[in-house]
Undergrad: 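Below are the structure tokens for one structure; questions will follow.
Naming: A, B, ... by sequence-line order, numbering from 1 per chain.
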Amino acid sequence: MPHQAEALDPPAADRKKEQVAAVTTDRDAGKGPDMHAFWHSSSHVLAHAVKRLWPATKLAIGPAIENGFYYDFDREGGFSTEDLEAIEREMAKIVKANYKIERFTLPREEALALIREQDEPYKLEMVEALPEGEEISFYRQGDFTDLCAGPHVRYTRQIRAFKLTSVSGAYWHGDEKNKMLTRIYGISFPTRKELEDYLALLEEAKARDHRKLGRELELFLLSEAGPGFPFLLPKGVVLKDLLVDYWKKLHYEAGYVLIQTPMILSRKLWEESGHWDHYQDNMYTVTIDQEDYAVKPMNCPGAMLVFRSKPHSYRDLPIRMGELGLVHRHEKSGTLHGLMRVRAFTQDDAHLFMTPDQMADEIAGIVRLIHGLYTGFGFDYSVELSTRPDKAMGSVEDWTRAEGILAGVLDKLGTPYTVNEGDGAFYGPKIDFHIRDALGRSWQCGTVQLDFQMPQRFELEYTGSDGEKHRPIVVHRVAYGALERFMAILIEHFAGKFPLWLSPEQVRVLSISQQNAPYAEELLAALKEAGLRAELDLRDEKIGYKIREAQLAKVPYMLIVGDKETEGGTVSVRSRDRGDLGTLSLADFLARAEEEQASRA
RNA sequence: GCCGAAGUGGCUCAGCGGUAGAGCAAUUCACUCGUAAUGAAUAGGUCGUGAGUUCGAUUCUCACCUUCGGCUCCA
């Protein structure tokens with residue numbers, strides 16, 4: 001049966017996996033019973049409980065999502081925390097009663113009659129949207145019957161362990177012009193143990209929250225003075241610079257050139273690029289000498305101007321033009337989230353200009369570059385190919401050819417990928433890279449997009465071997481995505497315990513008592529000389545206290561120096577992760593540190 | 001932007017119609033110390049902002065700002 005499933009489940013459910021708070025684990029996928037049906041049934045139990053407690057509540061939709069389920073209700077005043085507790089108690093009764101979950105179908109007209117009788121306007125709207133002659137399926141458990149495509153588990157008793165996790169507003173059909181409904185989220189499992197494990201995972205995610213660690217580790221600052229505009233603190237700048245250095249090294253090796261384009265550019269340019277018409281709501285504008293300007297929300301137009309600044313021969317191509325560009329976008333206030341979602345961020349952008357027959361090689365080069373970049377952090381990743389959306393520019397033939405080339409490159413490289421039909425940008429198909437972090441969450445970072453729009457709007461051209469003018473192919477890509485966001489992902493992935501090469505402070509020298517200070521200072525100088533980022537703690541505190549502070553600051557190595565070390569000219573090494581490593585000569589320690597940094601482990 | 005919740009010293013939080021309190025951090029003093037917290041003392045807050053109610057507001061009401069959980073959007 002083609003299904004109400006599609007009509008009932010908003011597309012947002014599929015995107016859930018990308019969301020900031022979403023937590024997925026490999027453990028959840030594919031094991032045990034079919035969790036989709038399980039969670040879907042759980043949402044019915046939720047709706048059943050709500051209808052029992054407040055019969056006047058209207059039901060909208062209640063699908064399973066990546067992690068659990070929700071149900072949207074229309075109820076005056078919404079639901080309070082106390083209401084949730086009452087609902088959970090009622091759900092427990094429904095589970096305990098162990099109703100059989102039965103499916104039945106009705107012809108469309110009879111289905112409409114039943115729903116009218118139930119007085120469920122949202123359900124009515126859904127069925128009315130279905131084609132004539134369709135058989136409509138319903139599921140019944142005890143005194144509760146809901147329009148639903150299923151599938152479901154067989155008995156309510158199967159849903160032994162559940163928890164309602166949050167309440168939020170959500171628009172009917174996800175459209176803000178529609179009425180705001182109240183959405184109740186929940187999670188459930190066949191056993192108590194699984195629920196506890198899941199809740200523990202949520203706790204772990206909370207403990208790793210980059211906003212908390214960012215403050216504790218003094219990496220960045222968020223201030224009311226600039227909502228969505230993060231301040232980087234000294235240690236945050238060190239981290240960012242490390243990401244930039246690594247990025248530049250890989251890019252120069254891959255034959256890129258780097259540019260920097262202005263932050264503020266004339267309205268005329270944004271009109272030419274199309275942003276003034278299509279992106280103005282997200283742009284910050286200023287008036288300078290009675291002329292309109294905009295702060296760049298994207299780097300593309302600047303790069304196009306650089307390309308167009310002189311004539312090009314096919315012999316110049318490909319040109320791989322990178323830019324670490326700080327862009328500003330007026331994101332809606334409710335979407336801001338730490339460093340993950342901000343209004344000013346640094347894109348590790350690049351625009352590649354090429355001839356059509358260079359496409360396959362260039363795209364392969366980008367995929368390899370991104371692969372190399374991610375593996376340097378130990379990240380595993382997955383790849384998605386997004387194809388032509390309904391409203392797209394460019395001919396269908398161009399799209400098909402371009403999609404074929406993207407897919408061909410991935411196939412040839414042996415990169416596994418999934419296809420998202422119709423999910424490409426209107427100006428070209430794209431490949432997305434999703435990295436998987438230590439908690440099993442996935443984050444979209446890199447994207448490679450063919451751009452059919454910019455070359456045309458900016459009338460870019462090069463002279464071919466035939467002496468004629470040709471329009472170059474432009475590929476637009478990012479690897480980190482946004483540096484600030486990538487930093488946030490790293491913070492959470494490592495729980496603030498960065499590997500040695502990424503630690504803003506790599507070594508801290510701790511003196512045991514005052515008479516060891518001169519030797520400690522000598523050591524500090526030697527460490528710095530060796531290129532390590534080292535600090536010194538000479539305070540008159542007990543060594544246990546200093547160790548505790550260094551440990552909380554998550555410094556990878558502590559060098560403890562007392563009389564013994566001063567006399568022997570050695571260092572006592574303590575590792576953040578492995579504890580006391582004993583006494584080493586400074587040379588030995590430096591050699592080890594160098595090796596560890598080189599391995600990026 | 002929308003729905004819901006919250007904003008009290010640097011941090012974590014208590015309090016509440018009669019103009020604020022703890023722990024940690026900070027500062028000072030003493031201790032000179034061997035692998036995750038030595039002790040004592042001191043200082044620090046127009047209780048997010050602005051109105052209103054009241055004899056009196058941090059406390060009640062409203063508006064706004066910011067943050068948090070979602071929706072939406074996305075790097």
Undergrad: Could Glu492(A) and Arg441(A) be called an ion pair, given the rule that one side-chain N must be under 4.0 Å from one carboxylate O?
TA: yes
Undergrad: Please enumerate all residues that pass ring-ring contact (aromatic ring centres under 6.0 Å, His included) together with Tyr246(A), with sequence neighbours excluded.
TA: Phe377(A), Trp501(A)
Undergrad: Could you work out, with side-chain hydrogen bond (donor to acceptor under 3.5 Å, both in side chains) as the rule, every residue matching Gln506(A), not counting sequence neighbours?
TA: Gln597(A)
Undergrad: Please enumerate all residues that pass ring-ring contact (aromatic ring centres under 6.0 Å, His included) together with His278(A), with sequence neighbours excluded.
TA: none
Undergrad: Return each pair, listed once, that meets side chain to side chain donor-acceptor pair (under 3.5 Å) where at least one residue sits in residues 217-231 of chain A; pairs must be two or more places apart or across chains.
TA: none
Undergrad: If you go through the side-chain atoms of Arg341(A), does one of them form a donor-acceptor pair with the base of C73(B) closer than 3.5 Å?
TA: yes
Undergrad: How does each nucleotide of nucleotides 35-47 of chain B score, in 5' to 3' order, for protein heavy atoms under 4.0 Å: base (B), sugar-phosphate only (S), or none (-)?
TA: BBBB---------
Undergrad: Output all residues satisfying ring-ring contact (aromatic ring centres under 6.0 Å, His included) with Phe345(A), sequence neighbours left out; order by chain, then residue number.
TA: none
Undergrad: Would you please name every residue forming a side-chain hydrogen bond (donor to acceptor under 3.5 Å, both in side chains) with Arg211(A), sequence neighbours left out?
TA: Asp209(A), His337(A)
Undergrad: Applying side-chain hydrogen bond (donor to acceptor under 3.5 Å, both in side chains), name anything that partners Glu535(A), two or more places apart in sequence or on another chain.
TA: none
Undergrad: Indicate, with a heavy-atom threshold strictly under 4.0 Å, whether Val327(A) touches base, sugar-phosphate, or nothing.
TA: nothing
Undergrad: Any chance you could encode RNA chain B as dot-bracket? Rule is Watson-Crick or G-U wobble with both distances under 3.5 Å; [ ] for pairs crossing earlier ones, | for another strand.
TA: (((((((..((((....[..)))).(((((.......))))).....(((((..]....))))))))))))....
Undergrad: Tell me, please, which residues at least two apart from Tyr374(A) pass ring-ring contact (aromatic ring centres under 6.0 Å, His included).
TA: Tyr381(A)
Undergrad: Distances under 3.5 Å only, N/O to N/O: pair up the protein atoms with those of nucleotides 10-13 of chain B.
TA:
{"residue": "U12(B)", "atom": "OP1", "partner": "Arg215(A)", "partner atom": "NH2", "Å": "3.0"}

Undergrad: Starting from P on C24(B), measure out to NZ on Lys212(A) and report it in whole angstrom.
TA: 19 Å
Undergrad: Suppose we call two aromatic rings close when their centres sit under 6.0 Å apart. Are Tyr185(A) and Tyr70(A) close by that rule?
TA: yes
Undergrad: Distances under 3.5 Å between protein N/O atoms and the N/O atoms of nucleotides 66-68 of chain B, please, pair by pair.
TA:
{"residue": "C68(B)", "atom": "OP1", "partner": "Arg211(A)", "partner atom": "NH1", "Å": "3.0"}
{"residue": "C68(B)", "atom": "O3'", "partner": "Arg211(A)", "partner atom": "NH1", "Å": "3.4"}

Undergrad: In whole angstrom, what separates Asp423(A)'s CG from C73(B)'s C1'?
TA: 13 Å
Undergrad: For the backbone of Phe229(A) and the side chain of Arg343(A), can you confirm whether one donor and one acceptor N or O come within less than 3.5 Å of each other?
TA: no
